[in-house]
Amino acid sequence: MKIVILDTGCANLASVKYAVERLGYRPIISLDPDVVLNCDKLFLPGVGSASAAMQQLKQRNLIELIKVCTQPILGICLGMQLLAEHSDEGNIDTIGIIQEKVSKIPDCGLPLPHMGWNRVRPKAGHHLFRDIPDGAYFYFVHGYALPLCSATIAETSYGENFTAAVQKDNYYGVQFHPERSGTNGAKLLKNFLEI
């Protein structure tokens with residue numbers, strides 16, 4: 001299986017690569033359109049701000065490339081948020097796969113940003129969460145979130161409920177970091193690679 005981690009220029013490329021390697025696969029990091037379009041699975045990692053990430057994607061000619069991919073793609077953390085159409089973080093238009101807007105997590109008296117382990121409640125029977133218990137813990141680090149919407153396949157509560165995972169067509173996304181979420185994260189990555 002050809003697995004590519006999109007070279008978005010962000011900081012968590014290596015940790016995603018190591019997590020996939022621990023499952024016995026040999027991913028490569030690339031932004032070459034031929035390599036990306038001919039892979040079987042694609043990861044879209046992201047950390048930092050939406051505006052900086054979109055600037056990197058634009059400089060690397062990756063926005064249109066992401067839009068024409070037909071294989072399963074997994075956006076991780078900011079990578080998931082970039083699948084939306086707009087982010088309030090930097091007031092910037094994002095890739096636009098999911099017709100929703102990413103907003104700042106409201107202040108409900110809890111520490112912000114949302115950082116640490118939290119429970120994820122997936123929709124029953126979704127392949128991405130196969131053999132992962134309802135309410136399993138995953139590791140989050142974010143100050144912005146996607147609201148619950150038609151693409152939501154899992155949710156988390158932090159003051160109020162928000163989207164923890166999405167799917168639209170071949171585009172998947174998780175707000176948490178599976179590469180930092182122990183056995184549950186490893187299982188989710190394996191489920192994605194087996195789609």
Side-chain angles (χ1 to χ4, degrees), residues 1 3 5-6 12 15-16 19-20 22-25 27 40-47 66 69-85 87 94-106 108 110 112-195:
M1 187 174 3
I3 301 167
I5 298 163
L6 202 55
N12 64 334
S15 57
V16 173
V20 174
R22 283 195 298 272
L23 296 170
Y25 297 94
D40 300 303
K41 299 290 186 324
L42 182 63
F43 287 92
L44 173 61
V47 291
I66 291 165
C69 286
T70 56
Q71 70 274 66
I73 297 174
L74 181 65
I76 295 175
C77 193
L78 179 61
M80 181 193 101
Q81 294 181 11
L82 297 179
L83 296 175
E85 64 180 348
S87 178
T94 44
I95 297 169
I97 304 295
I98 295 164
Q99 304 305 302
E100 288 292 336
K101 187 171 85 168
V102 172
S103 304
K104 195 172 182 67
I105 297 173
C108 297
L110 296 167
L112 291 172
H114 175 214
M115 189 181 300
W117 296 88
N118 203 341
R119 290 179 181 269
V120 171
R121 293 188 171 74
K123 281 189 177 174
H126 198 281
H127 182 88
L128 202 60
F129 290 90
R130 193 182 65 205
D131 299 329
I132 296 172
D134 183 37
Y137 282 92
F138 290 86
Y139 189 79
F140 290 82
V141 183
H142 63 119
Y144 290 76
L146 191 67
L148 300 180
C149 64
S150 61
T152 300
I153 59 169
E155 61 184 75
T156 293
S157 180
Y158 192 72
E160 59 183 48
N161 290 357
F162 62 87
T163 293
V166 292
Q167 182 198 353
K168 184 176 180 188
D169 303 324
N170 57 310
Y171 296 88
Y172 297 78
V174 290
Q175 179 60 69
F176 48 83
H177 285 275
E179 77 280 11
R180 296 170 68 181
S181 295
T183 54
N184 290 328
K187 181 62 185 158
L188 184 133
L189 290 174
K190 188 169 189 293
N191 286 345
F192 171 71
L193 292 168
E194 290 174 355
I195 286 172

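- Counting only heavy atoms from C-beta outward, the side chains of I73 and L83 never approach each other to under 4.5 Å.
- With sequence neighbours left out, K123 forms a side-chain contact (heavy atoms from CB on, under 4.5 Å) with no residue at all.
- With sequence neighbours excluded, the residues that form a salt bridge (charged side-chain N to carboxylate O under 4.0 Å, His left out) with R130 are E194.
- A pairwise comparison of heavy atoms in F140 and A164 identifies CZ-CB, 4.3 Å as the closest pair.
- A heavy-atom distance below 4.5 Å is not found between the side chains of F162 and L146.
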Please determine whether side chain to side chain contact (heavy atoms under 4.5 Å, CB included) holds for the pair L74 and L44, giving the CA-CA distance in whole Å, both sets of side-chain angles, and the decisive distance to 0.1 Å. CA-CA 6 Å; L74 181 65; L44 173 61; over 6 Å; no

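- Rounding to the nearest 0.5 Å places CZ of F176 at 6.5 Å from OG of S181.
- Closest non-hydrogen pair, P147 versus E100, comes out as CG-OE1, 3.7 Å.
- The environment of K101 atom NZ is sparse: at most 12 non-hydrogen atoms of other residues, nucleotides or ligands sit within 6.0 angstrom.
- Y172 places none of its side-chain heavy atoms less than 4.5 Å from the side chain of N191.
- Residues passing the side chain to side chain donor-acceptor pair (under 3.5 Å) test with T163 are T152, sequence neighbours excluded.
- The structure places CG of D134 at 6.0 Å from CZ of R121, a figure rounded to the nearest 0.5 Å.
- Looking only at side-chain heavy atoms (C-beta outward), L42 and C69 come within less than 4.5 Å of each other.
- Contact check for D131 versus K187: side-chain heavy atoms found under the 4.5 Å cut-off.
- Of all non-hydrogen atoms in I5 and P45, the two that sit nearest each other are CG2-CG, 3.7 Å.
- A heavy-atom distance below 4.5 Å is found between the side chains of Y25 and M1.
- Among residues at least two apart or in separate chains, side chain to side chain donor-acceptor pair (under 3.5 Å) pairs with a member in residues 138-151 are H114-H142.
- With sequence neighbours left out, F129 forms a ring-ring contact (aromatic ring centres under 6.0 Å, His included) with no residue at all.
- Judged by distance alone, the side chain of N170 and the main-chain N or O of P72 form no donor-acceptor pair under 3.5 Å.
- Using a distance-only test at 3.5 Å, with no hydrogens or angles considered, a donor-acceptor pair links the side chain of N118 to the main chain of S157.
- Residues E179 and V16 share a closest heavy-atom pair of CD-CG2, 4.0 Å.
- To the nearest 0.5 Å, the span separating CG on L188 from NE2 on H127 amounts to 9.5 Å.
- The six-membered or imidazole ring of F192 lies near that of F43, with a centre-to-centre distance under 6.0 Å.
- Residues Q71 and D40 bring no donor and acceptor atom of their side chains to less than 3.5 Å of each other.
- When side chains are defined from C-beta on, P122 does not count as touching L128, because their heavy atoms never get closer than 4.5 Å.
- Residues passing the salt bridge (charged side-chain N to carboxylate O under 4.0 Å, His left out) test with K41, sequence neighbours excluded: none.
- Between T156 and Q175, every side-chain heavy-atom pair lies at or beyond the 4.5 Å cut-off.
- P178 and I76 get closest at one heavy-atom pair: CD-CG2, 3.8 Å.
- To the nearest 0.5 Å, atom CD1 of residue I105 and atom CD of residue E160 are 9.0 Å apart.
- Once rounded to the nearest 0.5 Å, the distance linking CZ of R119 with CG of N184 reads 11.0 Å.
- Atom OG1 of residue T94 and atom CG of residue L78 lie 9.5 Å apart, to the nearest 0.5 angstrom.
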